[in-house]
Each structure stands twice: as C-alpha cells, then as structure tokens.
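Lettering of chains follows the sequences in order, A, B, ..., and the numbering in each one begins at 1.
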There are 2 protein chains.
Amino acid sequence: MSLAKMKRTTIKDLAEMLHISASTVSRALKDHPDISSSVKRRVKEAAETFNYVPNDFAINFRKKSSKVIGLIVPAISMFFIPSIIKGISSVLNKEGYHFFILSSEDSYEAELENIQTCINSRVDGILISLTKETKDFKHFQKIDEMEIPVVIFDKIIPQDIYDSVVFDNEKNAELSAEKLIQQGCQKILAIFGDESLEITQTRKTSFLKKINTSPEIQYKTIFCESPEIVKEQLEVILEQESFDGFFAMSDETLAGLHSCLIKRNLNNTNIKVVAISEGKLPKYLDESYEYEINDGYQMGIIAASRLLIIIHKNNDDQSRSLPKTQYI
Amino acid sequence: MSLAKMKRTTIKDLAEMLHISASTVSRALKDHPDISSSVKRRVKEAAETFNYVPNDFAINFRKKSSKVIGLIVPAISMFFIPSIIKGISSVLNKEGYHFFILSSEDSYEAELENIQTCINSRVDGILISLTKETKDFKHFQKIDEMEIPVVIFDKIIPQDIYDSVVFDNEKNAELSAEKLIQQGCQKILAIFGDESLEITQTRKTSFLKKINTSPEIQYKTIFCESPEIVKEQLEVILEQESFDGFFAMSDETLAGLHSCLIKRNLNNTNIKVVAISEGKLPKYLDESYEYEINDGYQMGIIAASRLLIIIHKNNDDQSRSLPKTQYI
DNA sequence: TTGAAAGCGATACCAA
DNA sequence: TTGGTATCGCTTTCAA
C-alpha cells in the first residue's frame, strides 16, 4: 500500500468518537443551522484535533461533478502558453476548480486521445486550442454525446456550434500593416506561422489587404512553423534581398526573425519591425520593436469564465447573450 | 442540473440490459480470465454501443488513489516552466497520472495554501519548487502528517528529509566562469537572480570562487529579481562602466541583459556573454551567447519519475538507493 | 464461470 | 435538533 493511501480521519470516525451520527457531523462541519452550537463546537474541535480533511473525491463522486477542467493545447511552448495558464488559473482556482494540461503535440491523433482522456476523467468542461492538423469536428462527437461544456480558444476552425474565444486577428494584422506603412517602409518581409492555421490565414489576408492599399510598397511573405524555420528561411532570403520593414505574426516568428537580424547585425539600423505579440517577448528581444498585443492572460480569463458560465447554466436557460464566437 | 451531469451508462445499466450481474460486467470489461469469451464479447459490444465510459472517480474513490499529482511552482513564467511541464507530462501521462499546476506567486502564504489545496484534493503526490520566501519546512507539517509523497525540485532549501532534485549549480557556474576566463575577459559583470534563493547563492559562490583563481580579472556582481530589474540596474551601471564579459545565472537575467545590450548597441562587439540556461532562449536572443544547460525538460522527467517511485514503493521497502538530494 | 453483497466517504431525505 | 438509511459507480471478497 502506498503511503498516500494511509487511513485518514473520516466523518464516520468522528461520529463514532463523539457518539453521534455521521449526518450530524456532516452538518455540524458545514454550519448547518439545525445543529446546536455546542455540538458544532465539539465536532469542529475533534475535526481539528484529528486532522480531518474532507475527501473531495467522495464529495465530487456524490455530487457528480469533478470540479476539474481539461485544458488541451496544441503544444506546450514558452510562447503564449504560460500566459494562458496564468489567466485560466486565476479564474478557475478562485472558483474551486482545477485543470489538467494536455498537449496534443501538434497531432490530430493526440488531440483525439486527449479528448478521450478528458471524458474518462469526467472533467466538468474542456478548454481547447486546436492543432494545425485539425480540420473538422468529427472527434468532438464524444464531447457532444456526453454533453460536456467546451470552449475553443485561439486556434480555431470557423463554425458556430461551439463557443469560441479568439483574438481580433483582422484588426491586429491591419494595425500592424498600418504601422509599417506609416513608417514609410518600401520593402516589407511578412513572416507568418503555419500556413494551415486559421489564424495564419486571417492575419495574412488582413495584413495584405491593408498593405495593398499602398501599391508602391513591395512585399514578400513566408510561412514558417517554428522560430528555427524562420531562421533557416531568412538566412537564404536575406542573402539575396534586403528589406526595410518586417512583420512577424506571432512571438514565435518574431523570435526567429530577431535572432536572424542580430546575426546579420541588422538591428539598430533603420529597419522597422512590427509584430503581433503576447506582449512580453519583444521587450526582451529589442525594445524598439513595435507590436500589437494578443493578450494571452486576458484570453485565458475570458475563455475560462465563459466555460464556467456554460457549466453553471441550466438546460432550460434564458437563451445566450454572447455570440458563439467572441473576439477580444 | 448542469449539462455535464447528464446520466451516463454505468456498469449496472449494462448488467441489467444483458441480464447478468454487475460483477460479471466489471470483470468482462477488464478481461478477467474467469469470464467466458462469449460473455466478454457481449459485454464489450454493449459497452461500445451504449457509450459506456468508466467513471474514473468511482474507481479512484474505491481504490483510494486519485492518480493526480499536485505541481506547485513559485511562479508561472515563460522561463523554465514550460519545459518543466513538458517533462513532467511526459512521465505522468504515460503512467495514467494527471497533474494540476498551482502557482505560489512568489509568496510563502500562497505556497502554504497550495499545499493545503493539494491535501484537500487528495493528490497522490506533490512536486514542488519553493518560493524565495520559503526558509523552512514548517508548512510541510501537514504533508508529513498525511504522509504524502513529495519531491522538491530546482528551488530548494538544503535538508535531507525530503527527496530533492536539483541542477548541479556549482558545476554550471564554475564552467561558465571558466569560459569567460578562457576568452580572456578582463572585466566581468555577473548578474544573479533573487539573492535570497539557494540556487543564487550556490551559483554565486561557485562562480566567484572560479573567477578569483584569476586575480587579474575585475568583476562586479548584481542581484535582480526579474528581467525588468536587470534592465533598470544595467541602465545605470553601463552608463558609468564598461565590461568585456557578462555572466547571467539564468534565462531571466539573460533576457534582461540582452535587451540592454541591444539598446546600447553592444551586441556584435567583442564582448562575451555566458549564461546558465534552460537551452531555448539564448538561440532566440543571440546565437553568439554561450551557455551551460540546465535542462528543465530533463528535470521534469527525473522529478516526476522519482515521485512515482516513492508513490509505488511499499512501506516495508528495500531501503532507498538514491541520495536524498539528487544532482542532475 | 458467475452472482450477491459489502463498502469506499459524504450527503440528503425522511423520521423521530 | 438529531439519527437512520439509501445512494453515487465500481471493485472485490466469498459463495455458489
């Protein structure tokens, strides 16, 4: 028997010791108005003395609620994820919820498994950001059948069945383009993330639309799945061409861009770097970089709050007021 | 009633439908050798058809084990934490364990609360990295009383009661110093983290001991709790003095140092930067930075594995082979 | 090879 | 104001 399984004081133990019933102990412990104050006092003393700790398992089991949320992310990276975790924590912990983190390692298969894991663990809800391989919601079938509340955030595929929270990618990409234009950049390199992601396409479309309003500006676009690939590609490109403006659609692409600029000693020249960022990284890389903020902490807060609303909402509810897809 | 609480198929349901007993269903489901293959087939078919999902809660409740680990960290940052999480995940998920993350927000009070939360949640074990405020183990009393397996990692205070996993800070600091000496640096600025942390003191002592073997080298040391404070302090210092070598004891301090060097256009000069790092960040900042690796992923793996060993070990075990404090 | 029954810890209903 | 009892879903003896 493992150490953790050692016997702990239970309500029944307390009841026997005090020669009263378990029901009375249970009620005394939670200050039920029916119970006399003298009994309450005795019970609480005993609980204290014998290190009574309520067994959340038994409680949740009885109440058929786990107070646990499953957080499924496409990958665990230093970009974005820590902020998301902080945001989600701040909401859930306050409400007595916990959450598991499951990483899909950029694989649809793993995402499916993670969903199954959540179901097996009887989570009360799921917060999920989709992998780049995820193109449909077939694997959400089980979630539907089990009627598990779910909120999709950040990496989504457009639909209006599930509640979603996303950044206003169009706006941020447009504002970024605007900044480069205002700076008078003539030749821009725009670096995007994985081409198969919805957020990439949205940012690309919006960015280019804005750039194209200034026909005199030349630009080039590349798609890179990681900072390392950004570096690889830039090594080649910057050998042949030069640019006076750079756009990075994320912290990841910005990281790759930065190390490349450093290597070629291009920082502190008159080039302009604009990015969409979670907010922390640019300050560490180079304070002269400008960026539009995609606040991961905020998104965590909003996604988690929204999930809790769904969880606590009755079936016969007063129709939802929020749009299925929420932009922040 | 929340959606998540909808009725799910249970073993009893299956038993009634098939006109057999619950025990038989339970055994059939887990391929118990006693059960005839025909019954197994029928049971499994029915389980499939009616979307039977074993209730992990009931199972854990019965077995008195939660299969949940509590991970308590001093703070959730983009440095180190993501790697730790990945390492821990890779070990625990494989073994059917989950974990929740609790952040102590650099506060002893919060750390105490987090420990209590773990106890209430009946975790099977605790992985903890201590806050800078933590100077003793008074708040571990409950852990002791409940006999909950615990492994302390990275941020520790020296003791030999609890199992601990730490980096070989002495070695890494010494190697870093060696690198700067070998490069012929004459004037070094050494940047350390929070002065009250054991890892800071160990790294400082070891670094300086090595540096002092070359009496001709001048050096200055500073202590900074965050990248932002590094930047603040460096702004002042670099205004008055210049250095040809820098040591950063962590990714956090390195981040602050880097942005300062960039701002003052000191990169790509003949200064030398050496750090102790989790391994990812220096590549994004500046590939010319050298570093000793403190591999967070590896530490996560080792700490989690060690915890599982404790959890599964019998009370009457064959005395431990590992030292209480393990260096990696 | 299968079934009946007890029990994990807490709660809530019904009686008293 | 208190006690007795059934119950949540599953596992595990003990019997048959």
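Distance, B:Asn55 CG to D:dT7 P: 18 Å, rounded to whole Å. Rounded to whole Å, the distance from CG on B:Asp13 to C1' on D:dC8 is 12 Å. The distance between atom CG of A:Leu29 and atom P of C:dA12, rounded to the nearest whole Å, is 13 Å. Separating the CD1 atom of B:Ile11 from the P atom of C:dA4 is a distance of 15 Å, rounded to the nearest angstrom. With rounding to whole Å, A:Phe57 atom CZ is found 14 Å from D:dG9 atom C1'. Spacing between atom CZ of B:Arg122 and atom C1' of C:dG9 amounts to 9 Å, rounded to whole angstrom units. For the pair A:Arg62 CZ and D:dT5 C1', the interatomic distance rounds to 11 Å; values are reported in whole Å. Across the protein-nucleic acid pair, B:Lys12 atom NZ and C:dA6 atom C1' stand 13 Å apart, rounded to whole Å.
Side-chain contact of B:Ser83 with B:Gln298: a donor-acceptor pair under 3.5 Å is absent, judged by distance alone. Side chains of A:Asp124 and A:Ser65: a donor on one and an acceptor on the other come within 3.5 Å. Between A:Thr131 and A:Thr134, the side chains place a donor N or O and an acceptor N or O closer than 3.5 Å (distance only, hydrogens not considered).
Aromatic pair B:Phe61/A:Phe61: centroids less than 6.0 angstrom apart.
Contacts between residues 15-27 of chain B and DNA chain D, defined by a heavy-atom separation below 4.0 Å, involve B:Ser23, B:Ser26, B:Arg27, listed by number. If you check residues 30-39 of chain A against DNA chain D, the residues with a heavy atom closer than 4.0 Å are A:Pro33, A:Asp34, A:Ile35, A:Ser36, A:Val39, listed by number.
Aromatic ring orientation, A:Phe140 versus A:Phe137: perpendicular (interplanar angle above 60°, classes split at 30° and 60°).
Considering only residues two or more places apart in sequence or on other chains, B:Glu105 meets the salt bridge (charged side-chain N to carboxylate O under 4.0 Å, His left out) condition with none of them. Residues passing the side-chain hydrogen bond (donor to acceptor under 3.5 Å, both in side chains) test with B:Asn114, sequence neighbours excluded: B:Ser104. Residues passing the ring pair (Phe, Tyr, Trp, His ring centres under 6.0 Å) test with B:Phe100 are A:His98, sequence neighbours excluded.
Between A:Lys40 and the phosphate of D:dT1, there is no side-chain N or O to OP1/OP2 separation shorter than 4.0 Å.
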(request) Verify side-chain hydrogen bond (donor to acceptor under 3.5 Å, both in side chains) between B:Glu133 and B:Ser107, making sure each step is shown before the conclusion. (result) CA-CA 6 Å; B:Glu133 293 186 357; B:Ser107 137; 4.6 Å; no
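For B:Tyr52, counting side-chain heavy atoms from C-beta on, the closest listed nucleotide (C:dA10, D:dC8, D:dC10) is D:dC10.
Put simply, CG on A:Asp56 and OG on A:Ser66 are 11.0 Å apart, with the number rounded to the nearest 0.5 Å.
Residue B:Ile128 forms a side chain to side chain contact (heavy atoms under 4.5 Å, CB included) with just one option from B:Val73, B:Ile143, B:Ile152, B:Ile156, and that option is B:Ile152.
Secondary-structure stems of DNA chain D, taken as three or more successive Watson-Crick or G-U wobble pairs (i with j, i+1 with j-1) under a 3.5 Å distance threshold, comprise C:1-16 with D:1-16.
Stacking between A:Phe61 and D:dC8 is shown: the ring centroid lies under 5.5 Å from the centre of the six-membered base ring, and the planes differ by under 30°.
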